[in-house]
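In what follows, a single structure is set out as structure tokens and then discussed.
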Amino acid sequence: MRKMLLATTAIAFGLSAAAPAFAEFNDRNIRVSNGINEDHPVGNGIKAMQACLDEKSGGKLKLTAFWGGALGGDLQATQALRSGVQEAVVTSSSPLVGIIPALGVFDLPFLFASPEEAYQVLDGEFGDMMSQKLEEAGLVNLGYWENGFRNLSNSVRPVTKWEDFEGMKVRVMQNDIFLDTFQNLGANATPMAFGEVFSALETNAIDAQENPYVTIDTSKFYEVQKYVTETNHAYTPFLFLFSKAIFDTYTPEEQAALRECAIVGRDEERKVIQDLNKKSLEKIKEAGLEVNVLSEEEQARIREKSMVVYEKHKATIGADVVDGILAKLEEIRK
């Protein structure tokens, strides 16, 4: 009888030792707002993140993605997170500068020379510092996903040096830093709604526009442009943000799983977007456009020319933020 009791106790202990794998997880439906469509690489990242969560939580933590701004624009969704009425959003940093001015640092021109350089900064101490600023605004940043580099297309001439921008009518987003960047290079920076860009290029109302390769491809700008220059003039991260008010109600195990799995999703999303950019660039070349890459020397020259833009916006962004990222980049480039 004593042996049977001991055996039963041992089995029960064994089961209880195994149980905590899922014991600290509750059934949760996590709504994730996205401004982009499901066929964007963020969709691949969400799938990878969900597979990771399934494994860690036994299927209890479920992501429900809402695409194409179905829950509102990025800024509206982010405010819903701060109010504690929605769980998560994947958003570009640019729309949020009104909430956290420091995020304007990612709009500064010619900041990063490569994706790898951006990853070193974002996934390190500087990225942690920015995440702390987000947390103070009621937002938990689970990871920096990728929106990607913006490049220039135009119908006038190849751009090999900053002087080639002179007099070029370039459509830019309604963003003070972008306006100042292109005006500083001698271009005629023209804010315009995205939906108007194709026809404006077609009728020569504007000469040029700037977007990631994937956007140049999917929007068929190659039909109304002659030249593409890999300027890499702006790198914008996506942020996977979670409502701090809601996150703080989760168990430590749930929080850890979300943080770890967001990184799994990030790595997949970055890989897919890099592959997609390469494919889009090949399509642009096949369409007959002349493609060139700004040399490292010219990138450094334009970056130096653009320091006046950094100085102009330093006070708004925060001197500690601007100086901090420049110091980190100088350290990386040594």
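- Following chains of ILVMFWY side-chain contacts shorter than 4.5 Å, one can reach Leu111 starting from Ile332, so the two form part of one hydrophobic cluster.
- Cluster annotation: Phe126 is not connected to Val140 through the hydrophobic network of ILVMFWY side chains, with a link wherever side-chain heavy atoms come within less than 4.5 Å.
- Salt-bridge formation is not detected for the pair Glu254/Lys60: no Lys NZ or Arg NE/NH1/NH2 atom is positioned less than 4.0 Å from an Asp or Glu carboxylate oxygen.
- Judged by distance alone, the side chains of Asn211 and Gln209 do bring a donor and an acceptor atom under 3.5 Å apart.
- For the salt bridge (Lys or Arg N to Asp or Glu O under 4.0 Å) test with Glu87, the passing option among Lys62, Lys244, Arg31 is Arg31; the others fail.
- There is no side-chain donor-acceptor pair under 3.5 Å between Asp207 and Ser155.
- Under a 4.5 Å side-chain heavy-atom criterion applied to ILVMFWY residues, the cluster that includes Leu276 comprises Val214 as well.
- In this structure, Lys314 places its NZ atom where more than 12 heavy-atom neighbours from other residues, nucleotides or ligands lie under 6.0 Å away.
- For Asn37 (side chain) and Asp39 (main-chain N/O), no donor-acceptor pair under 3.5 Å exists by modelled atom type.
- With no hydrogens or angles considered, a side-chain donor-acceptor pair links Tyr213 and Glu230 at under 3.5 Å.
- Using modelled atom types, one finds a donor on one side chain and an acceptor on the other under 3.5 Å when comparing Ser131 with Asn141.
- Atom CG in Leu239 sits 6.5 Å away from atom CG in Leu96 (nearest 0.5 Å).
- Hydrophobic clustering, with ILVMFWY side chains joined whenever heavy atoms are under 4.5 angstrom apart, keeps Val85 apart from Leu63.
- Around the CD atom of Glu296, the shell of radius 6.0 Å holds no more than 12 heavy atoms that belong to other residues, nucleotides or ligands.
- Atom CD of Gln274 is surrounded by more than 12 heavy atoms from other residues, nucleotides or ligands within 6.0 Å.
- Close placement of the Phe238 and His40 rings is indicated, their centers lying within 6.0 Å of each other.
- Distance check: Leu134 CG to Met129 CE gives 10.5 Å after rounding to the nearest 0.5 Å.
- Checked by atom type and distance alone, the side chain of His313 never pairs as donor or acceptor with a backbone atom of Gly104 at under 3.5 Å.
- Within the 4.5 Å cutoff, the side chain of Phe149 has heavy atoms near those of the Pro115 side chain.
- Clustering of Ile, Leu, Val, Met, Phe, Trp and Tyr side chains at separations under 4.5 Å places Leu185 together with Phe110, Leu152, Val156, Val159, Trp162, Phe165, Met168, Val170, Val172, Met173, Phe178, Leu179, Phe182, Leu294, Ile302.
- Asn277 places a side-chain N or O within 3.5 Å of a backbone atom of Ile273 that can act as its donor or acceptor partner.
- Linking Ile, Leu, Val, Met, Phe, Trp and Tyr whenever their side-chain heavy atoms come within less than 4.5 Å puts Leu53 and Val42 in one cluster.
- Here the side chain of Ser114 pairs no donor or acceptor atom with the backbone of Phe112 at under 3.5 angstrom.
- Cluster annotation: Tyr235 is connected to Ile177 through the hydrophobic network of ILVMFWY side chains, with a link wherever side-chain heavy atoms come within less than 4.5 Å.
- Put simply, the side chain of Asn151 gets close to the backbone of Asn232: a donor and an acceptor are under 3.5 Å apart.
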For a salt bridge (Lys or Arg N to Asp or Glu O under 4.0 Å) check, start with the C-alpha distance between Glu117 and Arg333, then their side-chain angles and the critical distance, and finish with the verdict. CA-CA 9 Å; Glu117 199 172 81; Arg333 290 168 185 157; 2.7 Å; yes
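- Checked by atom type and distance alone, the side chain of Ser199 pairs as donor or acceptor with a backbone atom of Glu196 at under 3.5 Å.
- Taking 4.0 Å as the cut-off between side-chain N and carboxylate O, Lys226 and Glu290 do not count as a salt-bridged pair.
- Not a single donor-acceptor pair under 3.5 Å links the side chain of Gln174 to the backbone N or O of Pro191.
- The two atoms that bring Gly265 and Trp145 nearest to each other are C-CZ2, 3.7 Å, heavy atoms only.
- Looking only at distances, a side-chain donor or acceptor of Asp164 sits under 3.5 Å from a matching main-chain atom of Thr160.
- Note that CG of Asp128 is 9.0 Å distant from CG of Asp123, once rounded to the nearest 0.5 Å.
- Looking at Asn154, its side chain does come within 3.5 Å of a backbone N or O of Arg157 through a donor-acceptor pair.
- At least one test fails for Arg266 against the ring of Phe240: distance under 6.0 Å to the centre or angle within 45° of the axis.
- Put simply, the side chain of Phe106 does not reach to within 4.5 Å of the side chain of Val97, judged on heavy atoms.
- With hydrogens and angles disregarded, a donor-acceptor distance shorter than 3.5 Å links the side chain of Thr251 to the backbone of Glu24.
- One finds the CD atom of Gln76 at 12.0 Å from the CG atom of Leu81 (value rounded to the nearest 0.5 Å).
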For side chain to side chain donor-acceptor pair (under 3.5 Å), just list the numbers for Tyr222 and Glu286, CA-CA rounded to whole Å, side-chain angles, deciding distance to a tenth of an Å, and then say yes or no. CA-CA 10 Å; Tyr222 54 76; Glu286 287 167 12; over 6 Å; no
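- Look at Arg301 and Glu163 and you find a salt bridge, because one of the NZ, NE, NH1 or NH2 atoms lies within 4.0 Å of a carboxylate O, short of that distance.
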